[in-house]
Structure formats: C-alpha cells, structure tokens
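Only this structure's heavy atoms are used, side chains among them; waters, hydrogens and symmetry mates stay out. Given the structure is predicted, the values throughout are model-derived calculations rather than measurements.
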Amino acid sequence: MPPDLPATPPPITSPPTDPSPEPPTPWRDAALAVLGLFLPVACLWCGQPDRALCPGCRRALAARPGRVRLVAGVRLDAAFAYEGLVRTLLLELKLRGRVDVARPLGTRFGALVRAALQAAPDDAVVLRVPPSRLGSRRRGFDPVVLLLARGGVRRTRALHRGRHSATDPAPAAGAGAGGAGPRLGHVLRAGAGQKERTAVERVAATVGTLRAVGVAGRDVVLVDDVVTTGVTMAEGVRAVRAAGGRVVRCVAVASVDD
C-alpha cells in the first residue's frame, strides 16, 4: 500500500467556508469611491459601479460551498466549485491580470492551506504546481503565489517543470530521451492545449512533466489554482512520491465536480 494512503481513508467532509465576513472598512470604501471617479470600474459579475467585486457579490461568493474529492488517493480540498462567479473571477485574474479580485478568492484558499499545515507534522512544506511556461510569460506573475499571499501564506516552493510540459508542442513518437519516447506519444496532437485534448491525451501529455526537489522524507501540502480532470495534480503527487516525499493534502482554489 502506498505510504500516502492510510488503512482507513479519512471521512470526506466539506471544507470550511469563510470564518467571518470582512470587517467594515469605511476609510478604504471612501478611498475606493474617490478612485472610482478617476478610474471607473464595475463589478465583474453584476456590473455595479465602483468595485471589481461589489459587496453583494462578495457575500454571494462567501456563501458558496467548497468541494472535496480524491486525487491520486489524496484528499483535495477546494475553496470553491469552478463555476459561475468563481470561474469568471479566476479567468479575469489569469487571462486579464485582474489582481484586484485575488483577495476574495485567496482568503478561503489560504485558510485551507493553513488548516492542512496545522494537521500535518511541523516540518511539512507547501509545494505549488507551477504555471505553464506560456502562461507565465504572458501574465508575468504566478496566480497561485498571488492568491496564497492574499490568503496569508507566503513561504512556499514550486515543483519544477521538465523540458516538455502539457502546454508545449508534443514530441513525436519515439523522440524522447535516448530515442525511446512514451508509447502514448503518437496520440498527442502537436500544439494542442489541455482543453482540446482527450482524457488519454491529457495523461500522456502530463506524466513525467513535473519534478520535486528536496522533499525526501518530508510531508507535503500540494497546491494549485484550478483542478479539472485532476491529471496535473496527480502528476504533482507522483513527482513528490518519486522524490521520496509524502503528499498529505492537496488544496486548490476551485475544482470541477468529477
């Protein structure tokens, strides 16, 4: 039995919602109102002026439940379901650089990471799934680092990407190291992103693309922003195990219901 799997799996319960609403901030609200006169902004969900996320939509976001699932035999806590308002905010952050929506998303995300660390041994480390090279170049920042910082989690490390990642053009069959590429290489479509690939293609494009360093004998909390099929997170779990570590919890901002 793999070391990450206990003899009796822990009961799966929903992760906690936000512990309390944000306290009143009259001075900040006044400053934002003045700023809105010079730099108009509207709520990304309902269109109400003066806020990237209006108070009503913030309350609606805080009321949304989290999600819990298993990935590679490890419990994954997601702060939200990846749908509706949450999906819009994450896409605005990742595709349009709207860092002003990071705090309402990152608050619960950070709370889940801290809870996972508290339940783990004292020497546990937080490892991030790194963004794709293309996304990193386009944005100029790592969304997971930003969201963790907004949630009060700053001391983290990242997994390393190999020479070939899921968003890079796929190598030809047999073109791997030493001329012995993966047998699934022939099913990969060059240049296709994860969304355009089938389940088999996603697995073939992802396995072996991540590498963990310095985690031998350590407990790890593995984090990412969005988990869809779970293939990338499962690859992170594999990389940690291959390096001699043990993933005790996975945490994400949002997860697609499996």
Q) Given the rule in the side chain to side chain contact (heavy atoms under 4.5 Å, CB included) test, do Leu210 and His160 qualify, once you have shown the distances and angles that lead to the verdict? A) CA-CA 6 Å; Leu210 296 177; His160 298 271; over 6 Å; no
Is the shortest side-chain heavy-atom distance between [X] and [Y] below 4.5 Å?
X: Val227; Y: Tyr82; answer: no
X: Arg138; Y: Leu95; answer: yes
X: Val226; Y: Phe80; answer: no

**Q.** Arg246/Arg218 under side chain to side chain contact (heavy atoms under 4.5 Å, CB included): CA gap, chis, key distance, verdict
**A.** CA-CA 6 Å; Arg246 185 172 77 106; Arg218 304 286 296 275; over 6 Å; no
Okay, side chain of [X], backbone of [Y]: is any donor-acceptor separation there less than 3.5 Å?
X: Ser136; Y: Ser132; answer: no
X: Arg114; Y: Gly151; answer: yes
X: Arg108; Y: Ala62; answer: yes
X: Thr209; Y: Thr206; answer: yes

Q. Within a reach of under 6.0 Å around CG of Asp123, are more than 12 heavy atoms found that belong to other residues, nucleotides or ligands?
A. yes
From [X] atom [atom1] to [Y] atom [atom2], the distance as rounded to the nearest 0.5 Å:
X: Leu53; Y: Arg98; atom1: CG; atom2: CZ; result: 10.0 Å
X: Leu146; Y: Arg139; atom1: CG; atom2: CZ; result: 10.5 Å
X: Leu112; Y: Arg249; atom1: CG; atom2: CZ; result: 9.0 Å

Compare every heavy atom of [Y] with every heavy atom of [X], then report the nearest pair and how far apart it is.
X: Arg69; Y: Thr228; result: NH1-O, 3.1 Å
X: Gly208; Y: Arg238; result: CA-NH2, 3.8 Å
X: Ala212; Y: Leu127; result: CB-CD1, 4.4 Å
X: Val207; Y: Glu235; result: CA-OE1, 3.5 Å

Q. Hey, is Glu83 close enough to Arg87 for a salt bridge, meaning N to O under 4.0 Å?
A. no
Q: Would you check, one step at a time, whether the test side chain to side chain contact (heavy atoms under 4.5 Å, CB included) holds for Asp225 with Lys94?
A: CA-CA 10 Å; Asp225 49 9; Lys94 297 178 67 174; 2.9 Å; yes
Q.
Quick one, Val237 with Cys250, criterion side chain to side chain contact (heavy atoms under 4.5 Å, CB included). Give me CA distance, side-chain angles, the key distance, then yes/no.
A. CA-CA 9 Å; Val237 173; Cys250 298; 4.0 Å; yes
Q.
Under a plain distance cut-off of 3.5 Å, with no hydrogens placed, do Ser255 and Arg67 share a side-chain donor-acceptor pair?
A. no
